[in-house]
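Keep in mind it's a predicted model, so treat the numbers as computed, not measured.
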Amino acid sequence: MHIFERPIVMLDFETTGLSPAMGDRITEVAALRIEGGRITERYVSLVNCGVRIPSFITGLTGITQEMVDTAPPASRVVPELLDFIGADTLSAHNASFDEKFLLAESARLERACGHAALVCSLKLSRRVFPGMASYKLGQLSRQLGIAFRSAAHRAEADAEVAAEVLIHIGRHLGSSYGLPQVAPDLLVSLNRLAAAKVPGWLDKYAAEKKATQVN
């Protein structure tokens, strides 16, 4: 099924902490391009940012100091990542976290980010599937019947599951509202709405789409 009207890139970073403003850096990146209703391309790499990996991060992710010390430098990985994303819409689960690291790492190299828009699959899940017990990626994916194929808290595994969540949302919107394709702009709009307004807004959106197709 050709779900999405235009490509969306799902991004996930592993990092040394929560805040680039406090000196935290990226240790691993995965960017997966979703076209139609499937993952068609991927960019995955460990990253050497020349920083110490805290022991609790190694415990959480399995990423060791030796792994990042022998990885490609950020000066190579970040430009390659930006080129991979291009002008496509960017998505992540808790997208503000990943985007702030992307912006910080890009600024260090005096590079601009070119993504068209940002979609948060966490916010989107709250609006499209209200009443879930949890919207954390691991618990949300289990509730939707989406399984991790490898260890969680590694960039590629997390990005892959988040991409499947986004595809699941696209299928749900398409089948529930009679949309042959879901535009990334629709997902951006849903992110900005209060959850209570989403069903009525979608009914109106779908009706307007059908009227346009008839005319």
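- Going from atom CZ of Phe13 over to atom CD of Glu99 covers 10.0 Å, rounded to the nearest 0.5 Å.
- Leu140 places a side-chain heavy atom less than 4.5 Å from the side chain of Val165.
- Hydrophobic clustering of Ile, Leu, Val, Met, Phe, Trp and Tyr side chains at less than 4.5 Å, counting indirect connections, keeps Leu122 apart from Leu102.
- Looking at His93, its side chain does come within 3.5 Å of a backbone N or O of Tyr135 through a donor-acceptor pair.
- Glu14 places no side-chain N or O within 3.5 Å of a backbone atom of Glu28 that could act as its donor or acceptor partner.
- Heavy-atom contacts from other residues, nucleotides or ligands closer than 6.0 Å to NE2 of His153 number 12 or fewer.
- Linking Ile, Leu, Val, Met, Phe, Trp and Tyr residues whenever their side-chain heavy atoms come within less than 4.5 Å leaves Val9 and Val44 in two separate clusters.
- Cluster annotation: Ile8 and Leu173 are assigned to the same hydrophobic cluster (Ile/Leu/Val/Met/Phe/Trp/Tyr, side-chain heavy-atom contacts under 4.5 Å, transitive).
- Side-chain N/O atoms of Asp24 and Ser19 include no donor and acceptor closer than 3.5 Å.
- The nearest pair of heavy atoms linking Gly170 to Val182 is O-CG2, 3.7 Å.
- With respect to Glu105 and Arg111, no salt bridge is recorded, no charged nitrogen being found less than 4.0 Å from a carboxylate O.
- Between Leu103 atom CG and Asp98 atom CG the span is 11.0 Å, to the nearest 0.5 Å.
- Closest approach of Ala92 and Leu11 over heavy atoms only: CB-O, 3.3 Å.
- In this structure, the side chains of Thr70 and Asn48 stay at 4.5 Å or more apart for every pair of heavy atoms.
- No side-chain donor-acceptor contact under 3.5 Å links Asp12 to the backbone of Ala30.
- In terms of heavy atoms, Ser141 sits closest to Val161 at CB-CG1, 3.4 Å.
- No hydrogens or angles considered: a donor-acceptor pair under 3.5 Å links the side chains of Glu35 and Thr40.
- Residues Ile26 and Val78 have side chains in contact (heavy-atom distance under 4.5 Å, counting atoms from C-beta outward).
- Taken together through direct or relayed side-chain contacts under 4.5 Å among Ile, Leu, Val, Met, Phe, Trp and Tyr, Phe84 and Ile39 form parts of separate hydrophobic clusters.
- Between the CD1 atom in Ile53 and the OG1 atom in Thr61 there is a gap of 7.5 Å [rounded to 0.5 Å].
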Q: Assess whether side-chain contact (heavy atoms from CB on, under 4.5 Å) is satisfied between Asp185 and Glu5, documenting all intermediate values.
A: CA-CA 10 Å; Asp185 297 351; Glu5 195 177 86; over 6 Å; no
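- A distance of 11.5 Å separates CG of Leu124 from CZ of Arg126, quoted to the nearest 0.5 Å.
- The shortest distance between side-chain heavy atoms of Glu160 and Leu32 falls below 4.5 Å.
- Contact check for Met10 versus Ser121: side-chain heavy atoms found under the 4.5 Å cut-off.
- No side-chain heavy atom of Thr89 sits less than 4.5 Å from a side-chain heavy atom of Leu187.
- Residues Leu166 and Leu202 are members of one and the same hydrophobic cluster, defined by side-chain heavy-atom contacts under 4.5 angstrom among Ile, Leu, Val, Met, Phe, Trp and Tyr.
- Counting only residues at least two apart or in different chains, ring-ring contact (aromatic ring centres under 6.0 Å, His included) contacts with residues 179-207 comprise Trp201-Tyr205.
- Atoms CD and CZ, from Gln181 and Arg6 in turn, are 9.5 Å apart once rounded to the nearest 0.5 Å.
- In this structure, Ile167 CD1 and Arg38 CZ are separated by 10.0 Å, a value rounded to the nearest 0.5 Å.
- Between Ser125 and Ile169 the shortest heavy-atom distance is OG-CD1, 3.6 Å.
- A heavy-atom distance below 4.5 Å is found between the side chains of Leu46 and Arg154.
- Taking all atoms of both residues into account, the shortest heavy-atom contact from Ala133 to Gln143 is N-OE1, 3.0 Å.
- Using a 4.5 Å cut-off on side-chain heavy atoms (C-beta onward), Thr27 and Cys49 make no contact.
- The shortest heavy-atom contact between Ser45 and Val47 is O-CG2, 3.9 Å.
- When the shell of 6.0 Å around CG of Leu18 is examined, it contains 12 or fewer heavy atoms from other residues, nucleotides or ligands.
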